[in-house]
Amino acid sequence: MPLETAVIAAQPAGFATPLLAIGVGRGPLPASLAALDRDGGGALDRLFTAGDFSGKKDETALVYPPGAAARVLLVGLGKVDEISRAGIRRAASTAAKRARTIGVERAAFHLAPEALGSVAPADAGQAIAEGLAQGAWQFSEMKRAPDDKEKKPALERVDVLAPADTEAVGAGHRVGAAVGAGQSLARGIQVLPGNVCTPSFVAHAAEELAGRHGFGVTVLDKAAIGREQMGALLAVAQGSAEEPRFIVLEYKGAEGAPVVLIGKGVTFDTGGISIKPAQNMEDMKYDMSGAAAVLGTFEMLGRLKPPVHVVGLIPSTENMPSGTAVKPGDVVTSLSGKTIEVINTDAEGRLILCDALTYAQRFEPACVLDIATLTGAIVVALGHMASGVMGTDDQLIEDLRTAGERAGERVWPLPLWDEYRELMKSDIADVKNAGGRPAGSISAGWFLREFVDGFPWAHLDIAGTAYTDREDAARVKGPTGVGVRLFSEFVLSRQGSGTR
Ligand code: BES
Ligand code: MN
Ligand code: ZN
């Protein structure tokens with residue numbers, strides 16, 4: 001059950017709820033909370049004056065004052081002049097996560113107006129909705145159901161209390177709730193193990209989404225992929241008992257050239273014949289996180305119905321070793337006609353993406369963005385704080401950086417200078433698929449660039465950001481749904497701008 005959230009004009013004082021979470025900045029008890037604290041017998045003020053709580057970033061205090069709310073949770077946002085969308089999103093996430101662990105079905109969230117900083121009310125409404133979805137997310141479907149007496153009810157609804165600027169907060173919330181639902185959908189697909197989330201499962205998820213929202217969907221099975229002559233995708237798929245799929249989604253909320261989003265959908269990456277070590281190999285179920293980001297973005301589009309034109313392309317396959325698997329040294333012919341020497345069967349992502357890049361041409365795109373857990377090297381370069389971005393168009397890269405900053409999903413550029421192209425030259429084919437350890441993310445980018453023809457293009461490497469093993473007050477470990485907020489911000493900022 002996805003979390004339901006709604007903006008209402010109510011004041012926090014007198015609002016009956018099992019849990020009232022309030023975001024506050026650094027300093028004494030905000031004046032706007034005086035009425036609430038009067039009902040509570042001054043408990044909140046005593047908390048501040050005793051020095052037990054000061055609103056520092058990520059600080060929380062759970063109190064049980066008398067009054068309409070059974071519990072009050074204060075969440076610190078830090079210094080007011082430094083409060084950003086990211087901080088508000090984080091506070092809302094902290095509140096939802098705490099509500100979930102306490103085990104309340106309903107809760108309320110209120111951002112003290114003093115803690116708005118320089119953030120516009122609509123942006124705050126969006127960040128709150130995104131944060132609530134973020135913190136409330138959990139995945140327990142594969143665990144045995146707990147006994148009734150141990151069972152905690154799930155958090156079903158959070159009311160966002162906005163007595164001031166209700167309309168602006170509500171408008172932002174509408175966007176944030178759609179983005180949050182998209183991100184939750186992405187996480188719910190990412191988290192599934194490789195024996196459940198197969199290429200045909202990804203295709204069914206796309207069909208379900210398309211059916212529910214009424215967009216166009218086409219799924220190519222192995223035979224159809226063969227007829228299309230996607231030789232690179234087929235080469236990766238040939239070692240697997242699971243059939244590949246090539247998925248095309250189209251949301252047409254406006255005329256004009258589409259934004260094409262391509263997501264890597266490797267449902268499990270063993271490395272193939274160039275097999276990976278066993279340590280952490282289970283994480284390779286997340287190798288379809290790019291595909292999940294595209295599906296999550298379409299969930300947002302389906303909910304918001306903005307006037308934009310977006311096409312989603314998902315090449316999906318497993319990467320398995322077997323007697324029929326592609327071997328190092330094999331030469332395959334891609335959809336573009338270019339031949340590829342497969343140096344390393346573990347560099348499979350670029351093989352399936354290159355055919356999608358060629359396929360994208362037929363849409364005469366305004367731009368093409370691909371998103372992929374592509375290289376371990378990007379984790380070495382940027383760690384887990386940012387996704388890598390490369391491309392052919394400086395403005396596009398700049399737009400993505402801006403979108404990422406606003407969305408709280410940072411991207412950072414790496415250069416695709418001509419000199420790096422050398423790394424991908426093959427002795428016997430047009431290009432090879434692996435260029436060795438130096439500049440591993442850039443050489444992958446250059447490989448993809450060889451297949452970009454006739455449109456502005458950018459590539460996002462999310463190998464370091466797609467999942468996390470860090471759990472904290474605001475964050476749930478596991479899949480992050482990265483890319484959904486970034487793509488949503490990017491796509492929505494193009495509303496009405498037509499083609500570029
Ligand atoms: N799916 C991996 C990249 C990856 C690594 C994702 C770590 C998430 C965490 C990709 O298919 C891969 O194996 N890349 C190779 C490329 C190399 C063989 C040129 C890599 O990064 O080692
Ligand atoms: Mn691989
Ligand atoms: Zn991979």
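Everything quoted here is computed from the prediction, not taken from an experiment.
Between K97 and E471 a salt bridge is recorded (basic side-chain N to carboxylate O distance below 4.0 Å). A salt bridge is defined here as a Lys NZ or Arg NE, NH1 or NH2 lying under 4.0 Å from an Asp or Glu carboxylate O, and K264 with D370 fails to meet this definition.
Checking Q190 against S289 by side-chain atom types alone, a donor-acceptor pair falls below 3.5 Å. Side-chain contact, R89 with Q134: no donor N or O sits under 3.5 Å from an acceptor N or O.
Applying the salt bridge (Lys or Arg N to Asp or Glu O under 4.0 Å) definition to pairs two or more places apart or across chains, those involving residues 270-279 are D269-K276, K276-D346. For residues 254-295, every residue pair satisfying the ring-ring contact (aromatic ring centres under 6.0 Å, His included) rule, not counting sequence neighbours, is listed here: Y286-Y467.
Nearest heavy atoms, P365 versus V260: CB-CG2, 3.7 Å. Minimum heavy-atom separation, P315 to G263: CD-O, 3.3 Å.
The structure places OG of S93 at 11.0 Å from CD of E130, a figure rounded to the nearest 0.5 Å.
With sequence neighbours excluded, the residues forming a side-chain hydrogen bond (donor to acceptor under 3.5 Å, both in side chains) with H213 are E299, listed by chain and number. Residues that satisfy the side-chain contact (heavy atoms from CB on, under 4.5 Å) test with E250, not counting sequence neighbours, are K252, H309, V311. With sequence neighbours excluded, no residue forms a side-chain hydrogen bond (donor to acceptor under 3.5 Å, both in side chains) with T468. Among residues two or more places apart in sequence or in another chain, the salt bridge (Lys or Arg N to Asp or Glu O under 4.0 Å) test is passed with R410 by E405. The side-chain hydrogen bond (donor to acceptor under 3.5 Å, both in side chains) test applied to D283 returns no partner, not counting sequence neighbours. Judged as a salt bridge (Lys or Arg N to Asp or Glu O under 4.0 Å), and not counting sequence neighbours, the contacts of E208 are R212. Partners of S184 under the side-chain hydrogen bond (donor to acceptor under 3.5 Å, both in side chains) rule, at least two apart in sequence or in another chain, do not exist in this structure. P328 pairs by the side-chain contact (heavy atoms from CB on, under 4.5 Å) definition with I273, S274, T345, not counting sequence neighbours.
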Solution key, residues 193-200 side-chain donor-acceptor pairs under 3.5 Å, sequence neighbours excluded:
unit_1, atom_1, unit_2, atom_2, d
T198, OG1, S200, OG, 3.3
T198, OG1, F201, N, 3.2

Taking distance alone, no hydrogens or angles, what donor-acceptor pairs closer than 3.5 Å link side-chain atoms of residues 214-231 to residues at least two apart or in another chain?
unit_1, atom_1, unit_2, atom_2, d
D221, OD1, A223, N, 3.3
D221, OD1, A224, N, 3.0
E228, OE1, R362, NH2, 3.2

